[in-house]
Engineer: 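Just dropping this structure here.
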Amino acid sequence: VSTQSTGVFAVFYIVAATIADFYKLKPHVTEEIMFPDIGMMPIMQFLPVFTLGFQCHMTSVPLYYELNNRSVKRYSFVILIASFLVFILYMLMGVYGLKTFGPDVNPDILLDYEAKDELMTIARVCLSGSIIGCYPIFAYLGRGAFEDTVIQVADKAGRQLERNSELRRALTLLIWHALAIGVALITASLGKVLAFVGSIAALFMLFFPGYMLWIESKNGNIGYKVSGSIMMFLGIFTFLWTIGFNAYSIYKSP
């Protein structure tokens, strides 16, 4: 069974378990659920989540080459169906989580369920399996980016390095695993990690594409120059804002 199939099963199971628990627990949420005017501050707080979502494009190439009878049209159809399923699953998870626990539902909804809840124990195992299944894809991408950087730096220094060196590959993965374990041990909340990673993702999403447009504008295209300048400004602003805001939140948190 492929890691992708394991991840898909885990997502469907967690949503199904949340819905089943709602009807099993039969909660009585008496407090009225309000949707207040939240203002701009919380929206800005969640900017890293949106920018991090953009990073999904990094896995597009490996996933495309795993597609049978691959073509751009077929791949676009797969992406459309996957996006629709994600929307439906997120909506069901949010609605039934809110109906079960009311407005005080934990952002990490699995924390609201008791340890003796068998359905949610299996859901936690499924979630762990899904994350483990996705890990090799991101490790492969990270290793490739690191190796390309090392080779380019070596070329500029006048040294020729062998591509896909087994020793360098092993060292890269050992460092990758050590950093992942270290972050997991130090940081209890995944949200804090996502906030900082999402801040960096804003540079990939806005600043660097804008910088490429700005370079192309040297050919005389004023539209590229304006668009590139706006994107670079938004990228730097999002990066600095989210980094500063989340660092301050961590400092102020007990």
Side-chain angles (χ1 to χ4, degrees), residues 1-24 29 33 35 38 42-103 105-113 119-120 122-141 190-191 193-195 197-202 204-206 209 231 234 238 242:
V1 181
S2 67
T3 56
Q4 290 86 353
S5 300
T6 305
V8 170
F9 169 77
V11 172
F12 274 93
Y13 177 83
I14 292 171
V15 175
T18 303
I19 297 173
D21 254 16
F22 169 76
Y23 292 104
K24 183 180 75 172
V29 179
I33 299 175
F35 297 93
I38 60 176
I43 294 176
M44 297 297 290
Q45 181 182 357
F46 288 105
L47 269 178
V49 178
F50 293 107
T51 54
L52 184 63
F54 181 77
Q55 294 295 84
C56 293
H57 77 279
M58 294 193 304
T59 60
S60 294
V61 175
L63 293 177
Y64 174 78
Y65 278 95
E66 290 190 11
L67 188 67
N68 293 328
N69 302 320
R70 53 181 177 266
S71 66
V72 174
K73 183 178 180 180
R74 182 178 176 83
Y75 187 63
S76 299
F77 177 74
V78 170
I79 292 297
L80 181 64
I81 296 299
S83 301
F84 176 74
L85 285 175
V86 168
F87 170 75
I88 295 297
L89 293 172
Y90 265 88
M91 184 179 65
L92 289 173
M93 192 78 175
V95 168
Y96 277 92
L98 196 61
K99 289 176 67 176
T100 303
F101 300 105
V105 60
N106 195 306
D108 186 353
I109 191 174
L110 292 179
L111 296 177
D112 284 330
Y113 293 96
L119 285 176
M120 286 305 159
I122 298 175
R124 294 182 182 96
V125 174
C126 288
L127 181 60
S128 301
S130 174
I131 295 173
I132 292 172
C134 296
Y135 189 87
I137 298 176
F138 289 99
Y140 167 76
L141 295 170
L190 182 61
V193 178
L194 293 180
V197 176
S199 302
I200 300 172
F204 292 97
M205 179 179 177
L206 295 168
M231 291 178 68
L234 291 175
T238 305
T242 50

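Throughout, residue positions are numbered sequentially from 1 according to the sequence presented.
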Engineer: What are the two closest heavy atoms between C126 and A10, and how far apart are they?
Structural biologist: O-CB, 3.2 Å

Engineer: To the nearest 0.5 angstrom, please state how far the OG1 atom of T100 sits from the CD1 atom of I109.
Structural biologist: 6.5 Å

Engineer: Using the side chain to side chain contact (heavy atoms under 4.5 Å, CB included) criterion, which residues pair with R124? Sequence neighbours excluded.
Structural biologist: L110, Y113, M120, T121

Engineer: Scan residues 11-24 for pairs that pass side-chain hydrogen bond (donor to acceptor under 3.5 Å, both in side chains), counting only residues two or more places apart or in two chains.
Structural biologist: D21-K24, Y23-Y96

Engineer: Could you go through residues 85-94 and list every donor-acceptor pair under 3.5 Å that involves a side-chain atom there, pairing it with any protein atom two or more places apart or in another chain?
Structural biologist:
none

Engineer: What residues, two or more places apart in sequence or in another chain, satisfy side chain to side chain contact (heavy atoms under 4.5 Å, CB included) together with S71?
Structural biologist: K73, R74

